[in-house]
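This one's a predicted model, so the numbers in the text were calculated from it and none came from an experiment.
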Amino acid sequence: MHLFVYGTLRRAAGHPMHASLRAVANLVGEARVRGRLYMIEQYPGLVLDEAAAWVVGELYRLRDPTVLADLDEYEGISPDDQPPHEYRRVRRLVQLLDGGEHAAWIYEYDWSTEGRARIHSGDFLRRQ
């Protein structure tokens with residue numbers, strides 16, 4: 001089972017939750033998906049869109065799939081979180097930079113992006 005991360009869970013983002021991810025997952029490599037990336041607060045939101053530009057991130061192989069419950073809580077979509085949820089977890093094909101593809105879980109932003117600044121680079125770590 002794989003997970004694609006594009007924001008605060010990436011290695012260089014410096015967020016403490018990344019250490020929790022690394023404890024139960026192996027980095028497969030840098031990867032990308034088609035979509036639009038927006039700045040929400042101090043974190044990004046990805047809207048998947050096959051007609052859009054690339055959004056970059058990292059692909060992880062989860063050694064323990066039960067970590068998804070912890071990640072759902074982190075993303076605000078656990079059973080204890082009241083809807084409407086800001087994100088939804090979906091499975092999509094993710095492309096590694098070497099061209100390989102893997103199906104992966106992705107947390108997609110599920111609220112309106114009206115008034116949100118677009119991260120045109122597609123890279124949260126290179127936002128302006």
Say whether Leu48 and Leu96 are linked into one hydrophobic cluster, either directly or through other cluster members, by side-chain heavy-atom distances under 4.5 angstrom.
yes
Quick test of your reading: applying side chain to side chain donor-acceptor pair (under 3.5 Å), list the pairs with at least one residue in residues 27-38, sequence neighbours left out, ordered by first then second residue.
Arg32-Gln95, Arg36-Tyr38, Arg36-Asp49
Partner set under side-chain hydrogen bond (donor to acceptor under 3.5 Å, both in side chains) for Tyr60, not counting sequence neighbours
Glu58
Partner residues of Arg22 under the side-chain hydrogen bond (donor to acceptor under 3.5 Å, both in side chains) criterion, sequence neighbours left out:
none
Selection residues 100-109 - residue pairs positive for salt bridge (Lys or Arg N to Asp or Glu O under 4.0 Å), sequence neighbours left out
Arg88-Glu108
Could you tell me whether the side chain of Leu46 reaches within less than 4.5 Å of the side chain of Phe124, counting heavy atoms only?
no
Drop me the distance from Leu37's CG to Thr113's OG1, to the nearest 0.5 angstrom.
11.0 Å
Taking the side chain as C-beta and beyond, is there a heavy-atom pair between Val67 and Leu3 under 4.5 Å?
no
With side chain to side chain contact (heavy atoms under 4.5 Å, CB included) as the criterion, how do Asp80 and Glu73 come out once you've worked through the C-alpha distance, each side chain's angles and the decisive distance to 0.1 Å?
CA-CA 8 Å; Asp80 295 334; Glu73 185 176 328; 6.0 Å; no
Determine whether Glu86 and Ile40 make a side-chain contact, defined as any pair of heavy atoms from C-beta on separated by less than 4.5 Å.
yes
On the 0 to 90° scale, with breaks at 30° and 60°, tag the Tyr43-Tyr87 ring pair as parallel, tilted or perpendicular.
tilted
State plainly whether one hydrophobic cluster holds both Leu97 and Phe4, where clusters connect Ile, Leu, Val, Met, Phe, Trp and Tyr through side-chain heavy atoms under 4.5 angstrom apart.
no
The salt bridge (charged side-chain N to carboxylate O under 4.0 Å, His left out) partners of Arg91 (sequence neighbours excluded) come to none
Which residues pass the salt bridge (charged side-chain N to carboxylate O under 4.0 Å, His left out) test with Asp70, not counting sequence neighbours?
none
Asn26 meets the side-chain hydrogen bond (donor to acceptor under 3.5 Å, both in side chains) criterion, sequence neighbours left out, with Arg61, Arg63
Side chain proximity check, Leu9 to Tyr74, heavy atoms < 4.5 angstrom:
yes
Leu71 and Tyr107, any side-chain heavy atoms less than 4.5 Å apart
yes
Once salt bridge (charged side-chain N to carboxylate O under 4.0 Å, His left out) is applied, do any residues pair with Glu75, and if so which ones, sequence neighbours excluded?
none
What's the separation between atom NE2 in His2 and atom CG in Leu62, rounded to the nearest 0.5 Å?
8.0 Å
Suppose we screen for salt bridge (charged side-chain N to carboxylate O under 4.0 Å, His left out). Which residues come up paired with Glu41, at least two apart in sequence or across chains?
Arg116
Please name all residues satisfying side chain to side chain contact (heavy atoms under 4.5 Å, CB included) with Gln42, sequence neighbours left out, ordered by chain then number.
none
Residues forming a side-chain hydrogen bond (donor to acceptor under 3.5 Å, both in side chains) with Arg10, sequence neighbours excluded
Asp123
Mind listing the closest non-hydrogen atom pair of Pro44 and Gly7 along with its distance?
CG-CA, 3.6 Å
Step by step, would you call Leu68 with Met1 a side chain to side chain contact (heavy atoms under 4.5 Å, CB included)?
CA-CA 10 Å; Leu68 287 174; Met1 180 177 304; 3.4 Å; yes
Cluster link Leu93 to Tyr6, ILVMFWY, side chain under 4.5 Å
no
Compare every heavy atom of Gly35 with every heavy atom of Ala52, then report the nearest pair and how far apart it is.
CB-O, 3.4 Å
Does Met39 share a hydrophobic cluster with Val56, counting links as ILVMFWY side-chain heavy atoms below 4.5 Å and allowing steps through other members?
no
Judged by atom type as modelled, is there a donor-acceptor pair below 3.5 Å linking the side chain of His15 to the main-chain atoms of Met17?
yes
So which atom in Leu59 and which in Ala31 form the shortest heavy-atom distance, rounded to 0.1 Å?
CB-CB, 4.0 Å
Restricting to side chain to side chain contact (heavy atoms under 4.5 Å, CB included), what partner residues turn up for His85, sequence neighbours left out?
Ile77, Asp81, Pro83
Does Leu27 belong to the same Ile/Leu/Val/Met/Phe/Trp/Tyr cluster as Val33, with side-chain heavy atoms less than 4.5 Å apart forming each link?
yes
